[in-house]
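Letters A, B, ... mirror the listed sequences (proteins, then strands); counts begin at 1.
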Amino acid sequence: MNKTVKNADEAIKDIGDNTTLMLGGFGLCGIPENCITALVKKGVKGLTCISNNAGVDDFGIGLMLKTRQVKKMISSYVGENAEFERQLLSGELEVELIPQGTLATRCLASGYGMPAVFTPAGVGTEVAIGKETRKFMVDGEEKEFLMEMAFESDFAIVKAWKGDTHGNLIFHETARNFNPMMAMAGKITIAEVEELVEAGQLEPDQIHTPGIYVHCIFQGSNYEKRIEQRTVRKK
Amino acid sequence: MLDKVGIAKRIAKEIKDGYYVNLGIGIPTLVANYIPQGMNVVLQSENGLLGMGPFPFEGEEDSDLINAGKQTITTVAGSAFFDSAMSFGMIRSRKVDLTILGAMEVSDNGDIANWKIPGKMVKGMGGAMDLVASAKNIIVAMQHVNKAGESKLLPKCELPLTGVCCVKKIVTELAVLDVTPEGFKLLERAPGVSVEEIKNATLGRLIIEGDIPEMIID
């Protein structure tokens, strides 16, 4: 059950052109930095990326946008990236904006083996166009819901704090965000971790993502963990 | 007329002891600074935190600990982390008592637009659509008129909608208004603002009944 690979290059070696990838993270928090660097180096093209955000111009998924490796982004918020906006307005990049909870839940549905979920997010808005709707009684009130399909993704790439050789993962603080659901949703899931230990060294009670969802794991290096909005108060 | 801090202070008065509250980006974030001392309120950040604390002290920033606006923050006693699916689970299942967010436009039936200006701004809705579709109580913090002096409280939103019939209350630099089936109901005037000024700044249906008191901020 040893799922360890040497590094990011080895972890992503099967990712080819025109594949669909999920990438964990919220803003620049909890993103798989090592795998993004490796994907840029490998130069795979025509990617569809499912990720809450699109990084910034010179970090995160922004690096893959700069090299024109991304054909389509499926995200909830992309406001921090000028190159992204330029490619979108010029029609070079296809973008599907979806509500953040819908994004999370479509990952979750995939990992739970459910083909679709119903959510009230987006009812009556342009998000609902072309989607099947259904009414359900909730708290004694009839309410309309949109049917949203589980994602199908060739690969999911996630970042965890700690992991073991079986692929069990523990996340840290708000760097958890989309990572656990995406780990569950990939046909193949790649996990990069800050600290990789032997199976048996993590407390089973503390595991957030059981190793069954993870296909390969490696200990990353040189984490920058860049802060997007540094806000502080004086002592 | 209120400034941003004034709007935040007035909204803080709507928060009750024991509330779980989600604060949006901008003026709503400021509301956290004016929650009365001693009141038990837990702030939810939809990227996966209950119990959001103040900004960290200089030098103590933690890149793994941010809020939904991507700002570095801290935890408080009793904080809990969770993933994004659970975060929107607690929002959808109405565990969050109050959502405070900004808006570009609100219509007199409670529709809200705050995520897109076609051809101009393409940032995305983030968690706003999920929040407005499910929240028990939504208070909007916004400017009454835009920079051109045009009303943002309309009979019908012109921008793409974020949600329909969901806004319950609005606090602007001029007034506090409830959204009722009959339209915007004027509850309070900002200090020094007349009912006439509010009338002129409101395009949607406006209900004015009796004397409208001036709001008390501090």
* Structure fact -> Looking only at B:Ala85, B:Ser45, B:Gly163, B:Gly48, the option with the highest number of non-hydrogen pairs under 4.5 Å against chain A is B:Ala85
* To do: For residues B:Asp83 and A:Asn179, determine if any side-chain heavy atom of one lies less than 4.5 Å from a side-chain heavy atom of the other.
  => no
* A:Glu173 side chain near B:Thr75 side chain, heavy-atom distance below 4.5 Å -> no
* Taking atom types as modelled, is there a side-chain donor on A:Thr105 or B:Arg92 under 3.5 Å from an acceptor on the other? -> yes
* Asked: Which atoms of B:Glu60 come close to chain A, meaning under 4.5 Å heavy atom to heavy atom: side chain ones, backbone ones, both, or neither?
  -> side chain
* **Derivation and outcome, side chain to side chain contact (heavy atoms under 4.5 Å, CB included), residues B:Trp115 and A:Leu97** => CA-CA 11 Å; B:Trp115 75 282; A:Leu97 290 168; 4.1 Å; yes
* Measure the shortest side-chain to side-chain distance between A:Met181 and B:Ser84 over non-hydrogen atoms and say whether it is less than 4.5 angstrom. => yes
* Find out whether the Lys NZ or Arg CZ of B:Lys70 is both under 6.0 angstrom from the six-membered ring centre of A:Phe26 and within 45° of the ring's axis. => yes
* With a 4.5 angstrom heavy-atom cut-off, could you sort out which part of B:Ser79 is near chain A: side chain, backbone, both or neither? => neither
* **Option that, when pairs with chain A are counted at under 4.5 Å, heavy atom only, ranks first among B:Gly126, B:Ala133, B:Gly124** => B:Gly126
* Any donor-acceptor pair under 3.5 Å from A:Thr231 side chain to B:Gln71 backbone -> no
* Asked: Are B:Glu58 and A:Lys234 close enough, and set up right, to give a side chain to side chain contact (heavy atoms under 4.5 Å, CB included), and what steps lead you there?
  -> CA-CA 6 Å; B:Glu58 238 172 317; A:Lys234 293 253 187 265; 3.2 Å; yes
* Structure fact -> Looking only at B:Glu61, B:Glu46, B:Lys123, most heavy-atom pairs under 4.5 Å shared with chain A are made by B:Lys123
* chain B heavy atoms under 4.5 Å from A:Asn52: which part of the residue, side chain, backbone, both or neither? -> neither
* Do A:Thr174 side-chain atoms and B:Ile66 backbone N/O form a donor-acceptor pair below 3.5 Å? -> yes
* **Greater than 12 external heavy atoms within 6.0 Å of A:Lys187's NZ** => yes
* **Region of A:Leu28 that comes under 4.5 Å of a non-hydrogen atom in chain B** => neither
* Partner of B:Met129 by side chain to side chain contact (heavy atoms under 4.5 Å, CB included), out of A:Ser76, A:Pro99, A:Pro120 -> A:Pro99
* How long is the span from the OG1 atom in B:Thr72 to the CD atom in A:Gln229, to the nearest 0.5 Å? -> 9.0 Å
* Crowding at NZ, B:Lys185 (>12 non-hydrogen neighbours, <6.0 Å) -> no
* To do: To the nearest 0.5 angstrom, please state how far the NZ atom of A:Lys225 sits from the CG atom of B:Asp62.
  => 7.0 Å
* **Top contributor to chain B interface from A:Asn81, A:Val95, A:Ile98, A:Asp139 [non-hydrogen pairs under 4.5 Å]** => A:Ile98
* Minimum heavy-atom distance between B:Asp130 and A:Gly101, given as atom pair plus value -> OD2-N, 2.9 Å
* Asked: Do A:Gln100 and B:Phe88 have side chains that get closer than 4.5 Å, going by heavy atoms?
  -> yes
* Charged tip of A:Arg233 within 45° of B:Phe57 ring normal and under 6.0 Å -> yes
* **Gap separating the CZ atom of B:Phe55 from the CZ atom of A:Arg230, nearest 0.5 angstrom** => 13.0 Å
